[in-house]
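Report on the structure given below.
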Amino acid sequence: MKWFKRAGVLVFSLLLRLPFVHGEPIKLKKSASSGVASFYADKFNGRRTANGERFSNQGFTAAHNTLPLGTVVKVTNEQNGKTVFVRITDRLARTNHRMIDLTQRAARELGFLHKGVAHVKLEISKGEDLADTFRSSWLRPFYWGNA
């Protein structure tokens, strides 16, 4: 009976990691789009995201309203050219008119943590883009946050 419970827990945890889609996703036009980015407040640390994970401001995740959960996006700060890869794990509030909400760590990497907002370009990432990112072994444990 113990193995049955363990198998159920394993299946359930795997299902939580599947990219769920809420409604019809709208694809980025020409696979790139520009808009305003902001970052999460500290009060959201530890709360559940739309895909069921616990949120951490130390990861590289983001909230977006139309992209499917689990999508990896390349975010580029248009002012300074800095780039990060984030995974969409949450949805924005309906009253939020910004394009994307990033973790504080991603905002720091992009260079707008003290400004609060930045104009960014989003591109849906392809697998070969991530290969360069994961060559940095120090980044690997932090890339997906608590996942």
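The figures that follow rest on heavy atoms only: side chains count, while hydrogens, waters and symmetry mates do not.
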(request) Measure the CG-NZ distance between Leu110 and Lys82 for me, rounded to the nearest 0.5 Å. (result) 8.5 Å
(message) With a 6.0 Å cut-off on the ring centroids, do Phe60 and Phe85 count as close?
(response) no
(request) Verify the cluster assignment for Ile124 and Leu122: are they in a single hydrophobic cluster under the rule of side-chain heavy atoms below 4.5 Å apart? (result) yes
(message) Under 4.0 Å between a side-chain nitrogen and a carboxylate oxygen: does that hold for Glu53 and Arg87?
(response) yes
(message) Are the side chains of Asn65 and Asn96 in contact, using a 4.5 Å heavy-atom criterion?
(response) no
(request) Answer yes or no: does atom CD of Gln79 have more than 12 heavy-atom neighbours from other residues, nucleotides or ligands under 6.0 Å? (result) no
(request) Before giving the answer on side chain to side chain contact (heavy atoms under 4.5 Å, CB included), spell out for Val36 and Met99 the whole-Å C-alpha distance, their side-chain angles and the decisive distance to 0.1 Å. (result) CA-CA 5 Å; Val36 177; Met99 176 177 275; 5.8 Å; no
(request) For the pair Ser56 (side chain) and Gln58 (backbone), establish whether a donor and an acceptor sit closer than 3.5 Å, ignoring hydrogens and angles. (result) yes
(request) Using modelled atom types only, decide if a donor and an acceptor are shared between the side chain of Asn45 and the backbone of Asn57 within a distance under 3.5 Å. (result) yes
(message) For the backbone of Gly46 and the side chain of Arg54, can you confirm whether one donor and one acceptor N or O come within less than 3.5 Å of each other?
(response) yes
(request) Pick out which of Thr103, Asp90, Asp101 makes a side-chain hydrogen bond (donor to acceptor under 3.5 Å, both in side chains) with Tyr40. (result) Asp90
(message) Distance check, rounded to the nearest 0.5 Å: Leu102 atom CG versus Phe112 atom CZ?
(response) 5.0 Å
(message) Quick check: do Ile88 and Ile100 have side-chain heavy atoms less than 4.5 Å from each other?
(response) yes
(request) Please confirm whether the backbone N or O of Thr89 pairs with a side-chain atom of Thr49, one donor and one acceptor, at under 3.5 Å? (result) yes
(message) Tell me the closest heavy-atom pair linking Thr76 and Gly81, and the distance in Å.
(response) CG2-O, 3.9 Å
(message) Quick one: does any side-chain atom of Arg91 pair with a main-chain N or O of His64 as donor and acceptor, under 3.5 Å?
(response) yes
(request) Please report the shortest heavy-atom distance between Val117 and Ser38, naming the atom on each side. (result) CG1-CB, 4.1 Å
(request) Could you tell me whether the side chain of Leu113 reaches within less than 4.5 Å of the side chain of Gln104, counting heavy atoms only? (result) yes
(request) Test Ser34 against Glu78 for side chain to side chain contact (heavy atoms under 4.5 Å, CB included), laying out the working first. (result) CA-CA 9 Å; Ser34 295; Glu78 292 181 338; 2.8 Å; yes
(message) I want to check something: taking the side chain as every heavy atom from C-beta on, are Lys121 and Ser33 in contact at a cut-off of under 4.5 Å?
(response) no
(request) Report the distance from atom CZ of Phe39 to atom CZ of Arg108, rounding to the nearest 0.5 Å. (result) 9.5 Å
